[in-house]
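Below is one structure, written out as structure tokens; the observations come after it.
From a predicted model like this one, the values you see are computed outputs, not experimental measurements. Just the heavy atoms: all of them, side chains too, but no hydrogens, waters or symmetry mates, feed the values below.
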Amino acid sequence: MDQLPLARLMGCLPEPVSRAFARTLQVGTRPFHFINYQSDRGAARMIHGPRLIRWFDRTFDVL
């Protein structure tokens, strides 16, 4: 997705709006990292060994 429209939009908005948007992104960073970490841990427990090898082989064949 092209990121330029968002950059252009943020450039046209008043500075308080840009600061609020930046603050929202900053606040969401920590929960995002936690959820991302936990999902990777869960996937590693469910998809391992032969199952992981089958997934890898299927993906590699498609590519």
Side-chain angles (χ1 to χ4, degrees):
M1 188 169 155
D2 190 17
Q3 295 176 354
L4 288 178
L6 180 60
R8 287 189 185 120
L9 173 67
M10 296 309 290
C12 294
L13 295 174
E15 190 169 328
V17 175
S18 295
R19 287 183 187 271
F21 181 70
R23 215 172 309 128
T24 302
L25 290 178
Q26 186 66 31
V27 167
T29 299
R30 193 174 202 115
F32 171 81
H33 288 307
F34 177 76
I35 292 168
N36 196 30
Y37 171 74
Q38 292 298 333
S39 66
D40 288 345
R41 285 186 67 201
R45 290 178 184 213
M46 293 177 57
I47 305 165
H48 61 287
R51 187 175 186 186
L52 179 62
I53 293 169
R54 283 194 307 272
W55 265 30
F56 176 78
D57 287 344
R58 252 186 283 149
T59 303
F60 189 77
D61 289 342
V62 169
L63 294 175

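Atom CZ of residue Phe21 and atom CG of residue Leu9 lie 8.5 Å apart, to the nearest 0.5 angstrom.
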Quiz: residues 45-56 side-chain donor-acceptor pairs under 3.5 angstrom, not counting sequence neighbours:
residue: His48; atom: ND1; partner: Arg45; partner atom: O; Å: 3.3
residue: Arg51; atom: NH1; partner: Met46; partner atom: O; Å: 3.2

Report, one line per pair, each donor and acceptor closer than 3.5 Å where one atom sits in a side chain of residues 31-40; sequence neighbours left out.
residue: Ser39; atom: OG; partner: Ile35; partner atom: O; Å: 3.3
residue: Ser39; atom: OG; partner: Asn36; partner atom: O; Å: 2.8

